[in-house]
Enquirer: 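Sharing a structure here in structure tokens format.
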Amino acid sequence: MSNKQKRYFLSESEIPAQWYNIQADMVNKPEPMLDPVTREPITVERLSKLISVEAARQELNTTDRWIDIPEPVLEMYRYYRSTPLVRAYGLEEALGTPARIYFKNESVSPVGSHKLNSALPQAYYCKQEGCTNITTETGAGQWGCALSYASKVFGLECAVYQVKISYEQKPYRRSVMQAFGAQVTPSPSMSTRAGKDILTKYPNHQGSLGTAISEAVELAVTTPGCKYALGSVMGHVSLHQTIIGLEAEKQLQMAGDYPDVVIGCFGGGSNFSGIAFPFMRHNICDGKKTRFVAAEPESCPKLTRGKFCYDYGDETGYTPLMPMFSLGHQFKPANIHAGGLRYHGAGVIVSQLIKDGLMEAVDISQLRSFEAGLMFAKAEGIVPAPESCHAIAAAIDEALRCKESGEEKVILFCLSGHGLMDMSAYDQYISGSLGNYTISDEEIEKNVSAL
Ligand SMILES: *Cc1c(COP(=O)(O)O)cnc(C)c1O
């Protein structure tokens with residue numbers, strides 16, 4: 001080990017001061033999002049009734065390649081960034097692969113995941129624009145924790161709708177949000193019209209990101225001084241997350257490497273986009289041939305088995321209609337432990353990139369993801385988030401293919417978060433009480449044909 005450098009960091013002045021906007025470089029721009037009422041292409045004015053004006057501008061910006069990170073956000077980034085780029089010698093050895101495996105460790109952020117990278121700018125813009133309150137949804141709770149903290153940093157009141165099943169199963173994340181001063185409500189709830197409608201129709205609804213988004217959106221548009229913030233799916237969230245890949249690019253240069261394969265787990269696409277887009281720009285602009293692999297759960301396979309169509313981002317249909325790969329906005333995903341991956345749609349930018357063949361997707365079963373996560377934990381000393389385990393499983397598969405072929409590929413994946421709040425899930429896996437969830441073609445067809 002003595003001569004091997006394991007971790008790569010950037011100095012403060014080397015941390016990128018701009019995000020990368022892939023929309024500027026895309027040959028085929030994403031098709032427009034549509035206003036849910038008029039069915040006209042969405043405008044900044046319309047979108048900013050929901051989210052901050054600056055986030056709305058970024059969402060629809062298809063021309064500026066680089067977007068400045070505001071100084072107060074950069075200042076907060078500097079408290080935990082750069083995050084380490086780690087050469088996974090331990091995992092390489094455990095696999096006996098000739099591949100060189102690197103991971104970008106986003107679990108070192110104060111809230112334990114990459115989500116803070118977007119929570120900070122979103123809260124900052126809301127404050128700048130004179131808001132007093134912010135509201136959002138959260139699944140497993142990582143996004144809710146990130147936004148609760150970012151709200152505290154910039155002086156906003158934060159209300160979070162948490163998917164009911166996670167609220168009950170992951171009480172510690174709820175406590176963390178409350179520790180940062182947020183108000184947390186399980187969704188579906190009786191506090192909104194959307195929640196009441198859902199509960200009247202399905203009294204035992206366990207909640208989904210779709211129901212929680214409906215409730216948060218309703219609260220935002222009916223409360224003066226309150227804006228909504230989304231933790232994934234939207235283009236501006238992916239934009240903010242490009243700090244991950246931009247740092248990784250510089251850190252890999254220090255290591256003298258460039259990735260052949262870049263992998264991220266995929267819920268709504270933000271950590272995947274964050275690590276992938278800065279490298280994808282060299283495929284689009286400089287003829288590089290890197291492969292980009294999104295790892296999604298077998299139980300929620302919108303990329304590998306969903307349909308490309310216009311669909312809503314939430315269960316009730318309050319959000320703009322988005323052209324994306326989807327399982328249908330009323331799809332009720334199985335209760336897997338990777339709560340952050342239980343979302344029905346893929347977001348417009350990634351969906352266009354898949355259509356254009358610029359990236360690919362694989363699906364990973366729940367048991368396989370935990371098996372990979374435990375192998376990683378033993379080899380690298382970090383217990384990964386159940387979501388991140390999907391990226392690890394895909395990276396292991398790539399590394400094992402290299403072992404067969406003898407290729408010395410460079411594999412980079414995003415460790416989107418740690419799993420220290422998910423130990424009950426690991427407990428269940430270790431004691432053998434976890435299973436897999438597959439979904440039939442008929443079930444997918446039933447949901448997407450309703451669109
Ligand atoms: C939310 C979350 C995800 C999934 O969301 P993306 O937007 O697809 O990145 C993955 N990993 C962790 C740790 C998360 O918190």
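One-based numbering, in listed order, for ligands and for the atoms of each. No experiment lies behind these values; they were computed from the predicted model shown.
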Enquirer: Decide whether a cation-pi geometry holds between K288 and Y258; the criteria are a distance under 6.0 Å from NZ or CZ to the six-membered ring centre and an angle within 45° of the ring axis.
Expert: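 Yes, K288 lies over the aromatic ring of Y258.
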Enquirer: Side chain of N447, backbone of G328: donor and acceptor closer than 3.5 Å?
Expert: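 Checking the backbone N and O of G328 against the side chain of N447, no donor-acceptor pair under 3.5 Å is found.
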Enquirer: Any side-chain to backbone donor/acceptor pair from Q251 onto T83? Under 3.5 Å, distance only.
Expert: yes
Enquirer: Within less than 4.0 angstrom of ligand 1, does F266 place any heavy atom?
Expert: yes
Enquirer: Could you list the donor-acceptor pairs under 3.5 angstrom formed between side-chain atoms of residues 367-378 and any protein atom two or more places apart in sequence or on another chain?
Expert:
{"from": "R368", "atom 1": "NH2", "to": "D397", "atom 2": "OD1", "distance (Å)": "2.9"}
{"from": "S369", "atom 1": "OG", "to": "Q366", "atom 2": "O", "distance (Å)": "2.7"}

Enquirer: Show me which atoms of ligand 1 lie under 4.0 Å from any heavy atom of E387.
Expert: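 Under 4.0 Å from E387, ligand 1 has these atoms: 10 (C), 11 (N), 12 (C).
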Enquirer: Looking only at protein heavy atoms, which one is nearest to atom 3 (C) of ligand 1, and how far off is it?
Expert: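 Checked against all protein heavy atoms, atom 3 (C) of ligand 1 sits closest to K115 NZ, 3.5 Å.
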Enquirer: Hey, is ligand 1 close enough to S388 that some N/O pair sits below 3.5 Å?
Expert: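 No, S388 has no N/O under 3.5 Å of an N/O on ligand 1.
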Enquirer: Give a yes-or-no answer on whether the side chains of Y318 and E218 include a donor-acceptor pair shorter than 3.5 Å.
Expert: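 There is such a pair between these side chains.
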Enquirer: Relative to the heavy atoms of G417, which atoms of ligand 1 are at a distance of less than 4.0 Å?
Expert: 13 (C)
Enquirer: Heavy-atom contact under 4.0 Å between H114 and ligand 1?
Expert: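 Contact check H114 vs ligand 1: positive.
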Enquirer: With sequence neighbours left out, which residue pairs that include part of residues 409-418 fulfil the side-chain hydrogen bond (donor to acceptor under 3.5 Å, both in side chains) condition?
Expert: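 Listed by first then second residue: S388-S416.
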Enquirer: Can you find an N/O atom of A385 closer than 3.5 Å to an N/O atom of ligand 1?
Expert: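 Between A385 and ligand 1 (N or O atoms, distance only) the closest approach is not under 3.5 Å.
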Enquirer: Any idea which protein heavy atom is nearest atom 7 (O) of ligand 1, and the distance to it?
Expert: S232 OG, 2.5 Å
Enquirer: List the closest protein heavy-atom neighbour of atom 4 (C) of ligand 1: residue, atom name, distance to the nearest 0.1 Å.
Expert: G340 O, 3.3 Å
Enquirer: For atom 8 (O) of ligand 1, what is the closest protein heavy atom, and at what distance to 0.1 Å?
Expert: G267 N, 2.6 Å
Enquirer: Test the R281-Y20 pair against the cation-pi criterion, namely NZ or CZ under 6.0 angstrom from the six-membered ring centroid and within 45° of the ring axis.
Expert: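 Yes, a cation-pi geometry.
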Enquirer: With heavy-atom distances below 4.0 Å as the criterion, list the atoms of ligand 1 near L341.
Expert: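 Contacts of ligand 1 toward L341, numbered from 1: 4 (C).
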Enquirer: Is there a donor-acceptor pair under 3.5 Å between the side chain of S214 and the backbone N or O of G210?
Expert: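 Yes, the answer is positive, given that a donor and an acceptor are paired below the 3.5 Å cut-off.
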Enquirer: Atoms of ligand 1 less than 4.0 Å from C265 heavy atoms?
Expert: 10 (C), 11 (N)
Enquirer: Is there at least one pair of N or O atoms, one from G269 and one from ligand 1, spaced under 3.5 Å apart?
Expert: yes
Enquirer: Whether K355 engages the ring of F308 as a cation-pi pair (distance to the six-membered ring centre under 6.0 angstrom, angle to the ring normal within 45°) should be assessed.
Expert: yes
Enquirer: Using a 4.0 Å cut-off to any heavy atom of S416, which atoms of ligand 1 qualify?
Expert: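 Once the distances to S416 are compared, the set is 10 (C), 11 (N), 12 (C), 13 (C).
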